[in-house]
Each structure stands twice: as C-alpha cells, then as structure tokens.
There are 2 protein chains.
Amino acid sequence: MTDIARTARPTMKDVAARAGVGLKTVSRVVNEEPGVTDDTIARVQAAIDALGFRRNDSARLLRKGRTASIGLVLEDLADPFYAPLSRAVEDLARAHSTLLFTGSSAENAEREQELTLAFCARRVDGLVIVPASDDHRYLEPEIAAGVATVFVDRPAGGIDADVVLSDNAGGTRDGVAHLIAHGHRRIGFIADQPHIHTAAQRLRGYREAMAAAGLPVHDGWISSGPTTPEHVRAELERMLSGPEPVTALFAGNNRITVTAVRVLANRPAHPVALVGFDDFELADLLRPAITVVAQDPGELGRTAARLLFRRLDGSAGPPSRVELPCRLIARGSGEIAPAA
Amino acid sequence: MTDIARTARPTMKDVAARAGVGLKTVSRVVNEEPGVTDDTIARVQAAIDALGFRRNDSARLLRKGRTASIGLVLEDLADPFYAPLSRAVEDLARAHSTLLFTGSSAENAEREQELTLAFCARRVDGLVIVPASDDHRYLEPEIAAGVATVFVDRPAGGIDADVVLSDNAGGTRDGVAHLIAHGHRRIGFIADQPHIHTAAQRLRGYREAMAAAGLPVHDGWISSGPTTPEHVRAELERMLSGPEPVTALFAGNNRITVTAVRVLANRPAHPVALVGFDDFELADLLRPAITVVAQDPGELGRTAARLLFRRLDGSAGPPSRVELPCRLIARGSGEIAPAA
DNA sequence: TTGAAAGCGGTACCAC
DNA sequence: GTGGTACCGCTTTCAA
C-alpha cells in the first residue's frame with residue numbers, strides 16, 4: 001500500500017528537518033520576520049510547499065496569549081431580527097482579523113451561560129452577548145481576567161458592563177402616541193413575556209403614553225405571555241370582543257405583529273389600527289402597509305462591536321451605556337381611524 | 001493600590017501548588033477521572049474555587065488533537081434564507097459538544113478561501129461550506145489532513161466531496177409546468193447571475209419545462225444578471241412591454257420575487273402570474289398570495305451537519321451527494337390565468 | 001543570520 | 001492513589 005497514512009499534518013519541525021534548518025528559522029520565514037537570508041528563505045519555502053505545511057494558529061495563539069477570536073451569543077441565530085446584528089459584528093471582527101464563534105441561547109439562561117463559558121474556556125478575547133439570563137455574575141471572573149464583554153439589546157444582570165440598547169420605552173411611547181393622535185383611546189398592547197427586559201420597557205412606554213394623554217388603561221387591554229400564534233390570536237380576539245373593544249393595537253415585537261396581521265386580515269369589516277415594534281421585510285407590501293417602530297439591529301451590532309474592539313485595543317474607563325433611538329415609520333395600518 | 005494586576009488567569013499549576021498536590025492530580029479532578037481520594041478531590045476543588053480556575057480548552061484541545069469546533073462558511077450571515085440552515089448546523093454542533101465558527105463569504109471567492117483557510121489554521125475538525133468559489137482545490141491538503149468537509153446549497157468545484165443540494169432544476173421545472181398548466185405560453189424567467197450554480201440549474205429547469213410542453217423560448221424572456229431591484233425592475237418591465245408580452249413570470253430567487261411583487265403591484269389592471277423560487281415569510285399574506293417553489297433550508301443544514309458528524313465519527317466511504325426535493329406551494333399568484 | 005532551550009496550559013504514559 | 005516527565009505546535013529569549 002502507498003502511504004495513505006501520510007495524513008498527519010506537517011509541523012514546523014518537519015519543515016525544519018526537510019529544509020535542513022532550525023525550527024526557529026522556519027518560524028521566522030512563516031511569520032515574515034526579518035533577518036533571514038534570501039537563500040534560506042527559499043529553501044524553507046520550498047520545504048513548506050513540498051510538505052503542504054500550514055501554521056497551526058491554535059498553537060500559535062496559545063503561546064501568544066490572545067486567541068484573535070470573539071464569541072457572539074444570540075437569542076436565536078435564525079431570528080431575522082438578529083441577522084443584521086450578527087453581520088455587523090462579523091464585519092468588524094473581520095476588520096480586526098478576528099474569528100467569530102456564534103451560538104444561540106434559545107432564550108434560555110442555562111444555555112446562555114453554558115455557551116458563554118464554553119467560549120471563555122476557549123479563551124476568546126471578547127464577548128458580545130444578547131442576554132437571555134438576568135444574572136451575569138457568573139461572568140465576573142472572566143471579565144476580571146480580561147475578557148472584554150459587551151451586552152446588546154438587553155442589559156446585563158448583576159454586573160456593570162458595557163451595554164448597547166434601543167430606546168424601547170421611547171419608541172413604544174412614540175408608537176402609542178401616534179395611535180392616540182389618530183383618535184384612538186382604547187388601545188390594546190400585546191407584549192412578549194414580562195421577564196424579558198425589552199418587553200418590560202415597551203410596556204412601560206405604553207403606560208407612559210397613555211398616561212401622558214390622560215387615558216385610562218384597562219387590564220384587559222394588556223397581554224403579555226408567550227408569543228405563540230395561538231396565544232396572541234386568542235388574546236387579540238378577546239380584546240376585540242366585548243362591549244368596549246380596543247380600536248387599535250400596539251404589537252410588542254415582529255412575531256406578534258405578524259400574527260396580528262393574520263388575525264386582522266380575517267375581519268376586514270372591522271378595521272383595527274395596528275402599530276408594531278420592529279420593522280420587517282415586506283411590511284410595506286401588505287394592505288394596509290404596516291406602521292412600525294423600527295430599531296436598527298445592524299447599528300446595534302456595529303455599536304456593540306465597536307465598543308468591544310475599543311476595549312480590546314486597551315480603552316479603559318467605566319462601562320458605557322449606549323441607547324439608540326427608534327424610528328416611527330408610518331405606512332397605513334397605524335393611521336386607521338377608530339371604528340366608532 | 002490593591003493587586004489589580006492579579007488579573008492573570010490561574011492555571012492547573014497554580015491550583016496544584018495551592019492544593020499541595022501534583023499537576024496531574026488537578027487534571028484528574030478537573031476531568032473527573034477516577035482514582036482520586038474524596039479527600040484529595042475536596043482539597044483540589046477548594047483550590048479551584050478559591051482561585052476561580054477554569055480549564056483552558058484551547059490548550060487542552062491542542063494536546064488532544066481535536067478542537068471540537070467546526071467552521072460554517074455562508075454566503076451572508078444576514079440572509080434570511082440561510083438562517084434556518086445555520087441554526088440547524090448549530091443544533092447538531094451543540095449535540096456533539098462542538099463549537100461553531102461562522103463567517104460570510106459575501107459571494108466572493110477570495111473571501112471564502114480566506115475564511116475557510118483561517119478556520120483550517122485554527123484546526124477546526126470540520127467545515128460546512130456554502131460555496132462562493134467554483135474552485136475548491138485549495139482545500140485538498142486540508143481534506144487530506146482529515147478536515148471533514150461538506151458543501152451545501154451548491155456543489156464544490158474541482159474536488160470530490162460530500163454535498164447537499166436542493167433539486168433546483170426539478171423544482172423550477174415543476175413551477176414552470178404549473179404556469180403552463182394554467183394556460184401560459186409566454187413565460188418570463190428572471191434569474192440570478194449565471195455563474196451561480198443554483199441559478200444555472202434553475203434556468204435549465206425552465207428550459208426543460210418549456211421544451212417538455214413544446215413551447216418556444218424567446219431570448220427576450222430570459223434575464224440573468226445582478227439581482228438589484230433596479231435591474232430586475234427594468235428587465236421585468238421590458239418583458240411586459242412590446243407586442244407579445246409575457247403573461248407569467250418565474251422569479252429565480254426570493255429577492256427577485258419580492259421585487260417582482262413590487263413591480264406587479266403597480267399595474268393591477270394587467271394581472272401577471274408569478275411563481276417564485278424560495279419561500280419567504282408573509283408570502284401568504286400578500287394579495288395575491290405568492291405561489292412558490294420552496295426549498296427547506298433547515299433540512300439542507302441538518303442533512304449537511306449530519307453528514308459532517310458522521311464523517312467525524314469515522315464514517316469512511318466515497319463522498320455522497322444528497323439532493324433534497326423542492327415543494328410547490330400554490331397560493332394564488334401562480335394560478336392567475338393569462339390575460340389574453 | 002541562526003538555532004537551542006524554555007515555556008504557553010494542558011494531557012498521556014509510566015513509574016512510585 | 002499520586003506525581004514526574006515528555007509532549008501537542010508554536011513563540012520567546014538568548015547565546016553562538
């Protein structure tokens with residue numbers, strides 16, 4: 001048989017042996033360090049090519065101390081909302097010659113921790129985390145050991161760290177005020193689970209907008225729970241029935257908005273105004289087109305990554321907290337007048 | 001000043017010193033290997049806790065030979081089409097206690113290679129690649145060295161490797177046949193750039209369906225080029241004008257479909273049938289709802305990852321080629337009768 | 001200009 | 001049971 005077993009990767013040692021030089025000389029050539037004769041370079045390079053040598057960066061970085069990699073912990077890799085965020089982080093990572101570990105927490109605190117600590121065990125230089133947990137004290141030793149950490153979309157729990165958020169309360173306030181300005185007084189609000197920070201902030205914005213307009217808020221107008229289509233549908237139908245149904249709905253995130261659109265599409269005789277938090281593709285193509293309060297997930301990611309690499313470049317100073325504004329985009333569904 | 005500098009991470013050596021045991025014993029405790037007294041375990045554990053020690057997996061894996069990580073190279077992390085694919089790969093990786101490096105090639109062959117080789121330099125155990133390049137011979141040494149490699153969505157170029165594809169030609173054939181069955185004879189086809197494998201396959205499917213029905217294909221009915229909204233819009237408008245305009249359109253991917261929907265929405269007086277390749281969210285909520293030929297990106301990723309981990313588990317044998325069927329989903333836009 | 005030896009932080013093997 | 005020592009593949013230090 002031929003040497004099929006010659007599958008083992010050549011190391012610098014192998015290259016050195018073949019080129020008839022010392023190990024360190026190979027290292028110098030590979031890293032393009034000065035102080036090697038052209039002649040030697042050529043001999044080493046020939047050995048490298050012949051053997052198909054490629055430097056083992058894991059070994060290299062172990063020695064160097066930095067791993068040139070960062071970890072990105074998302075709620076769900078497959079959630080379109082986070083796609084531009086990941087992409088923005090990736091772009092900055094690339095610009096800094098840094099590789100990206102990614103993973104989804106699935107909105108599960110344990111998984112978040114497991115994933116984050118796995119990244120730390122690989123000694124990532126930094127972390128960008130969309131928190132699923134509300135207690136990040138488990139990260140204290142890591143941060144103390146020098147792992148730059150930035151939280152995005154939701155704040156960290158129990159520790160003081162860099163964080164980049166959207167102005168969830170302000171955005172919701174604007175969206176609800178928009179409905180009020182169009183004549184609505186009974187406005188429903190369907191939110192994500194209350195333990196999720198953004199959901200809580202949006203609920204706060206809703207209450208503030210109603211209060212600012214001197215409008216009462218009935219318990220029945222508010223729903224927060226799982227964002228499954230079934231639950232959202234049931235809640236919305238409940239709000240739309242009874243003697244004093246809501247005439248408008250504020251949907252707490254894009255999944256809720258989409259479900260609401262489906263429900264409302266089935267009752268064209270009774271138009272209900274709708275404003276949703278988070279923009280989504282094709283919102284403008286629906287009839288009516290959907291008015292939304294849009295965050296900028298790409299900017300969220302970009303800002304977080306910038307903060308991270310600034311820390312990695314040695315920036316000290318206290319943790320910073322950045323809050324990005326939201327933008328109301330009127331498209332039609334939020335400008336429907338109340339039925340009565 | 002207090003010892004702020006005590007930021008250095010403790011190593012097993014430190015733990016050993018503090019616990020008054022040998023290095024190897026610490027290793028045993030950390031890895032829960034048998035053969036250590038409960039008493040010793042307790043002493044070591046105490047030292048671990050006191051020091052906040054956490055094993056350096058990079059060092060560990062360097063020694064072990066495997067890195068327990070794989071690389072995923074996509075065309076674009078932010079493309080919603082690939083989101084379920086990534087998620088599926090991630091899920092399997094997690095099930096195999098493997099970490100995931102991700103990156104986007106941006107449809108650029110050089111970037112694909114750069115990224116892939118960077119992953120290889122980190123000695124990933126395997127790779128899942130959505131090819132942007134059509135020449136993957138640069139991977140030969142890596143594959144020979146044992147990096148399990150699976151290509152998804154598009155075939156590899158110049159090398160024989162595992163690959164998972166959708167039946168692009170077959171799916172398109174079905175979609176075009178569907179339009180033909182509804183009475184259309186002049187059917188336009190707007191595709192992505194012809195050097196992209198999937199685009200070429202879909203074009204083939206279109207031609208086959210037309211030929212099977214004995215229908216001619218005029219050059220003017222086919223367009224392939226950039227999928228920018230401007231270009232797609234111009235091409236579609238061209239096809240819809242003139243003495244013998246097309247009465248139906250097959251859109252070669254979801255971006256093209258969406259642009260087509262926008263264009264067609266502006267000319268409600270002249271309904272044109274539309275079938276698009278790739279399903280997309282809210283396709284059912286548009287009016288008319290959009291008939292599509294759907295791939296299953298999640299299944300694409302799952303199949304690829306399964307193949308990968310099977311290889312990693314030692315499965316030998318020649319490269320396999322899996323082709324997943326597409327599914328026609330009739331929703332309305334594809335069932336519009338020809339104008340004439 | 002070049003290379004030997006120590007070390008990065010662990011694991012493997014083999015004595016004690 | 002426990003620990004010494006070589007070693008994973010590379011970089012660093014320093015002497016030749």
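Everything numeric in this text was worked out from a predicted model, so none of it was measured. Naming: A, B, ... by sequence-line order, numbering from 1 per chain.
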Salt-bridge test for B:Arg154 and B:Glu107: reply yes if a basic N is under 4.0 Å from a carboxylate O, no otherwise. yes
Does a side-chain N or O of B:Thr37 approach OP1 or OP2 of D:dT2 to a distance below 4.0 Å, or not? yes
Would you call A:Arg111-A:Glu114 a salt bridge at under 4.0 Å N-O? no
Name the nucleic acid region contacted by A:Ser58, choosing base, sugar-phosphate or nothing; use a 4.0 angstrom heavy-atom cut-off, strictly under. nothing
In whole angstroms, how far is the P atom of C:dT2 from the CD atom of A:Glu33? 13 Å
Report the distance from atom NZ of A:Lys13 to atom C1' of C:dA4, rounded to the nearest whole Å. 13 Å
Do the side chains of A:Asp14 and A:Arg18 get close enough for a salt bridge, i.e. N-O under 4.0 angstrom? no
Take atom CZ of A:Arg9 and atom C1' of D:dG9, then tell me their distance rounded to the nearest Å. 12 Å
Hey, are A:Arg9 and B:Glu142 close enough for a salt bridge, meaning a charged N less than 4.0 Å from a carboxylate O? yes
Verify, without hydrogens or angle tests, whether B:Ser58 (side chain) and A:Arg122 (backbone) share a donor-acceptor contact under 3.5 angstrom. yes
Mark yes or no for a side-chain to base donor-acceptor pair under 3.5 Å between A:Arg123 and C:dG9, with no hydrogen or angle criteria applied. no
Hey, does the side chain of A:Ser27 come within less than 4.0 Å of D:dT11's phosphate (OP1/OP2), counting only N and O? yes
A:Leu23 atom CG is separated from C:dA5 atom C1', nearest whole Å, by 11 Å
Whether A:Thr25 contacts C:dT2 is assessed here as follows: a side-chain N or O lying under 4.0 Å from the phosphate OP1 or OP2. Is that the case? no
To the nearest angstrom, the CG-C1' distance between B:Asp125 and D:dC8 comes to 15 Å
With a 4.0 Å cut-off on heavy atoms, is A:Arg55 in touch with a base, just the backbone sugar-phosphate, or nothing at all? sugar-phosphate
Round to the nearest Å and state the distance from A:Asp14 atom CG to D:dC10 atom C1'. 13 Å
Rounded to the nearest angstrom, tell me the gap between atom CG in B:Asp57 and atom P in C:dG9. 14 Å
Salt bridge B:Arg137-B:Glu140, side-chain N to carboxylate O under 4.0 Å: no
For B:Val21, report the nucleic acid contact type (base, sugar-phosphate, nothing); a contact means any heavy atom under 4.0 Å. sugar-phosphate
Rounded to whole Å, the CE-P distance (A:Met12 to D:dC8) equals 15 Å
Using a cut-off of strictly less than 4.0 Å between a heavy atom of the residue and any atom of DNA chain C, enumerate the qualifying residues of residues 59-68 of chain B by number. B:Ala59, B:Arg60, B:Leu62, B:Arg63, B:Lys64
So, is B:Asn56 near the phosphate of C:dC8, with a side-chain N or O under 4.0 Å from OP1 or OP2? no
Will you find, in the side chains of B:His136 and B:Gln113, an N or O donor that is under 3.5 Å from an N or O acceptor? no
